[in-house]
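Structure first, then comments.
Because the structure is a prediction, the values reported are computed rather than measured.
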Amino acid sequence: MLDHLIKGATLVDGTGAPARPADVGIRGGRIAVIADPGTIQEPAAGTEDATGLVLTPGFVDPHTHYDAQLFWDPYATPSMNHGVTTVAGGNCGFTLAPLHPDRPEDADYTRRMMSKVEGMSLKALEEGVSWGWSSFGDYLSALDGRIAVNAGFMVGHCALRRHVMGPDAVGGQPTPEQLDAMLALLHDAMDSGAWGLSTTQSSNHSDGDGRPVASRHALPAELLALSRAVGEHEGTQLEAIVAGCLDQFADDEIDLLVDMSAAAGRPLNWNVLTIDAAVPERVPRQLVPSERARKAGGRIVALTMPILTPMNMSLGTFCALNLIPGWGEILGLPVPERIERLRDAGVRAEMLRRADSKEAGIFRRLANFGRYVIGDTYSPENEGLSGRVVGDIAAERGLDPFHCLVEICANDRLRTVLWPMPTDNDPATWALRRETWEHEDVLLGGSDAGAHLDRMCGAPYTTRFLGDCLRGRKLVPLERAVQMLTDDPARLFGLRERGRIEEGFHADLVLFDPERIEAGPATLVHDLPGDSPRLDSKAIGIVSVRVNGVETLRDDRVTGAVPGTVLRSGRDTRTVSTT
């Protein structure tokens, strides 16, 4: 007997093949049978009529930070609401394990680092996570049997360094014995199921004390030794972030990425490839590592987002504005002093100069303050400004846009929510995106779901992209769009029997209404431990999500089931060739 039978769906199986009507039967968590409508005779414990609905594989998000959130939110919301059934975590060099059993202070350091570098609520990290593990295997075991999505994790370079070197991990170099210990720790993590190594050399990544995170102090020899260790385990990967990921790679960064992938003989992915027709030289430059890696026996894959991710900002809390060169010094001051400095015309002029300089890289796009929209306000002086464009308000007041924005924010003691309007929403940029997506070393993803919780909401990229493909710009056909969200990332990670609707594969499935599929607007909610805020987005048109055959979501409501699997390298992933 079948556990469940989905009848009359429009099947888009993830391979890119044309959509077709089909009945799909599920048994024992796997796809048991796929047949023409009305031809399956085997009885089923449950059936549903899916006429007019599209059935696809569950979506695979290749870059998330759900490492902590899964402990208080096993449903990985809002990603699962938007059809994501498998998430890759442990990215950017940051993981919650391993932790040294004799140094309980390391957990506090890790919490403060994650709060600063990944925008996670410190209160949520303190109240929502047990922190009762030591080894990476212990961490994975703590998630076993309690999550609703499938989840795999890289092991973070920063955690390896901290475990072996203690506080000296920041600023120090390992002795030969310490490097051996780091390698042994990495091998142990991969023996326990870690997907591989993640690391960062990005100048934007600082710990809770404001110092460069541990992995930023690693020299190439250390990174290559760790990469070679990754190549000794089945089904493993590399993920790396360098400063040039946000704009254009430097020559030495290209050398490092190529050498790491070649040393491991494993794919390396990075994020995020930003595509803008106003900067036509960026995409070719960012794909140079991919071209060189293939010649050296490696493979380097760029992640890119197929939507414009809404981001809110503020002059009162840490956000992307702090990453503009020279801005962090001003925006890190106590609020009264910060307001005083921001109201100084000379200070503002220097801030604008730095924001528009070449050194600002991708953050130059944030400098057009006339295109910001005012979000939530908190003072009588700002009543009626929510939803208005700063440039219009500035014209009425006879001020330049940045001065106007500062005065509005100062009225709210810098609590004002700011929404920058995208500068890369033109037809030429969308055409360039469509062209770039077809490159063999470009993959959709980079949502950062689970991180930067009150500043951005990338998790809904799946539904928003599908809605755009069906009823908006229609840049790619539905069949190709689904393949880009399912089979493509599954194949990069070597996921066993996932990413397609095929007999014998795991029954990770999404059923949606093609007339309605979309993501709702990002709204601020207070549902984290400690009543901390985050941005959420409702899924529109998602009828059902199944993970390993069990329904986890129906009509945007979680069912309470937790059928997800902690995906372990080797057992659940196979080695992906780089040639």
Side-chain angles (χ1 to χ4, degrees), residues 1-60 80-85 148 460 462-472 474 476-487 498-520 538-561 563:
M1 175 179 284
L2 296 172
D3 297 328
H4 193 71
L5 178 60
I6 301 170
K7 302 171 65 176
T10 298
L11 178 65
V12 180
D13 66 10
T15 67
R20 67 187 191 277
D23 291 352
V24 176
I26 301 166
R27 182 172 52 243
R30 292 184 180 255
I31 298 162
V33 59
I34 304 169
D36 292 335
T39 62
I40 297 176
Q41 301 302 311
E42 186 175 356
T47 64
E48 66 180 303
D49 182 1
T51 303
L53 303 179
V54 173
L55 183 67
T56 75
F59 308 139
V60 179
M80 191 180 76
N81 301 68
H82 294 270
V84 173
T85 58
T462 52
T463 51
R464 184 163 290 129
F465 175 54
L466 290 174
D468 194 41
C469 290
L470 285 165
R471 300 182 309 279
K474 300 181 180 180
V476 296
L478 174 62
E479 294 87 349
R480 175 61 184 139
V482 168
Q483 184 180 29
M484 295 162 82
L485 298 174
T486 59
D487 194 47
R498 298 187 193 276
R500 299 181 181 182
I501 298 180
E502 184 175 315
E503 290 182 2
F505 272 45
H506 298 278
D508 298 337
L509 301 170
V510 179
L511 190 64
F512 66 82
D513 182 350
E515 300 296 324
R516 299 176 55 238
I517 185 76
E518 185 53 88
K538 296 297 184 183
I540 301 168
I542 295 283
V543 174
S544 174
V545 175
R546 289 181 180 271
V547 178
N548 298 312
V550 177
E551 189 168 65
T552 57
L553 187 118
R554 171 66 64 165
D555 296 327
D556 205 34
R557 291 183 179 274
V558 298
T559 66

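Applying the salt bridge (Lys or Arg N to Asp or Glu O under 4.0 Å) test to residues at least two apart or on different chains, the pairs with a partner in residues 14-26 are Asp13-Arg20. Evaluation of the salt bridge (Lys or Arg N to Asp or Glu O under 4.0 Å) test over residues 45-58, restricted to residues two or more places apart or in two chains, returns Glu48-Arg546, Glu48-Arg554.
For the pair Glu479 (side chain) and Ala19 (backbone), a donor-acceptor distance under 3.5 Å is present.
Contact check for Thr463 versus Phe512: no side-chain heavy atoms found under the 4.5 Å cut-off. Between Ile517 and Ile540, the closest side-chain pair of non-hydrogen atoms is not below 4.5 Å. Taking the side chain as every heavy atom from C-beta outward, Thr552 and Pro563 approach each other to under 4.5 Å.
Contact between Pro57 and Val482 at its shortest, heavy atoms only, is CD-CG1, 3.9 Å. Considering every non-hydrogen atom in both Thr559 and Leu553, the closest pair reads CG2-N, 3.7 Å. Pairing each heavy atom of Arg464 with each of Glu518, the nearest pair is CA-OE2, 3.4 Å. Contact record, Met80 with Val558: CE-CG1, 3.7 Å, taken as the closest heavy-atom pair. Nearest heavy atom pair, residue Pro37 against residue Pro21, reads CD-O, 3.6 Å. Nearest heavy atoms, Ala50 versus Ile6: CB-CG2, 3.7 Å.
Checked against ring pair (Phe, Tyr, Trp, His ring centres under 6.0 Å), Phe465 has the following partners two or more places apart in sequence or in another chain: Trp437. Residues forming a side chain to side chain contact (heavy atoms under 4.5 Å, CB included) with Glu503 (at least two apart in sequence, or on another chain): Val33, Ile34. Taking Glu42 as the reference, Arg27 meet the salt bridge (Lys or Arg N to Asp or Glu O under 4.0 Å) condition, with sequence neighbours excluded. Partners of Arg30 under the salt bridge (Lys or Arg N to Asp or Glu O under 4.0 Å) rule, at least two apart in sequence or in another chain, do not exist in this structure. Applying the side chain to side chain contact (heavy atoms under 4.5 Å, CB included) criterion to Ala507, with sequence neighbours excluded, gives Ile26, Ile31, Leu509. Under the side chain to side chain contact (heavy atoms under 4.5 Å, CB included) criterion, Arg480 pairs with Glu438, Val476, Pro477, Gln483, Met484, Asp488, not counting sequence neighbours. Thr462 is linked by a side chain to side chain contact (heavy atoms under 4.5 Å, CB included) to Phe59, His82, Val84, Leu485, counting only residues two or more places apart in sequence or in another chain. Considering only residues two or more places apart in sequence or on other chains, Asp3 meets the salt bridge (Lys or Arg N to Asp or Glu O under 4.0 Å) condition with none of them. Residues passing the salt bridge (Lys or Arg N to Asp or Glu O under 4.0 Å) test with Asp468 are Arg473, sequence neighbours excluded. Listed by chain and residue number, Glu551 satisfy the side-chain hydrogen bond (donor to acceptor under 3.5 Å, both in side chains) test with Ser544 (two or more places apart in sequence, or in another chain).
Put simply, CD1 on Ile40 and CG on Leu2 are 6.5 Å apart, with the number rounded to the nearest 0.5 Å. The distance from atom CG of Leu53 to atom CG of Leu11, rounded to the nearest 0.5 Å, is 12.5 Å. Atom CG in Asn81 sits 11.5 Å away from atom CG in Asp555 (nearest 0.5 Å).
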Worksheet item: Can you check side chain to side chain contact (heavy atoms under 4.5 Å, CB included) on Thr85 and Asn548, steps first, answer last?
Response: CA-CA 9 Å; Thr85 58; Asn548 298 312; over 6 Å; no
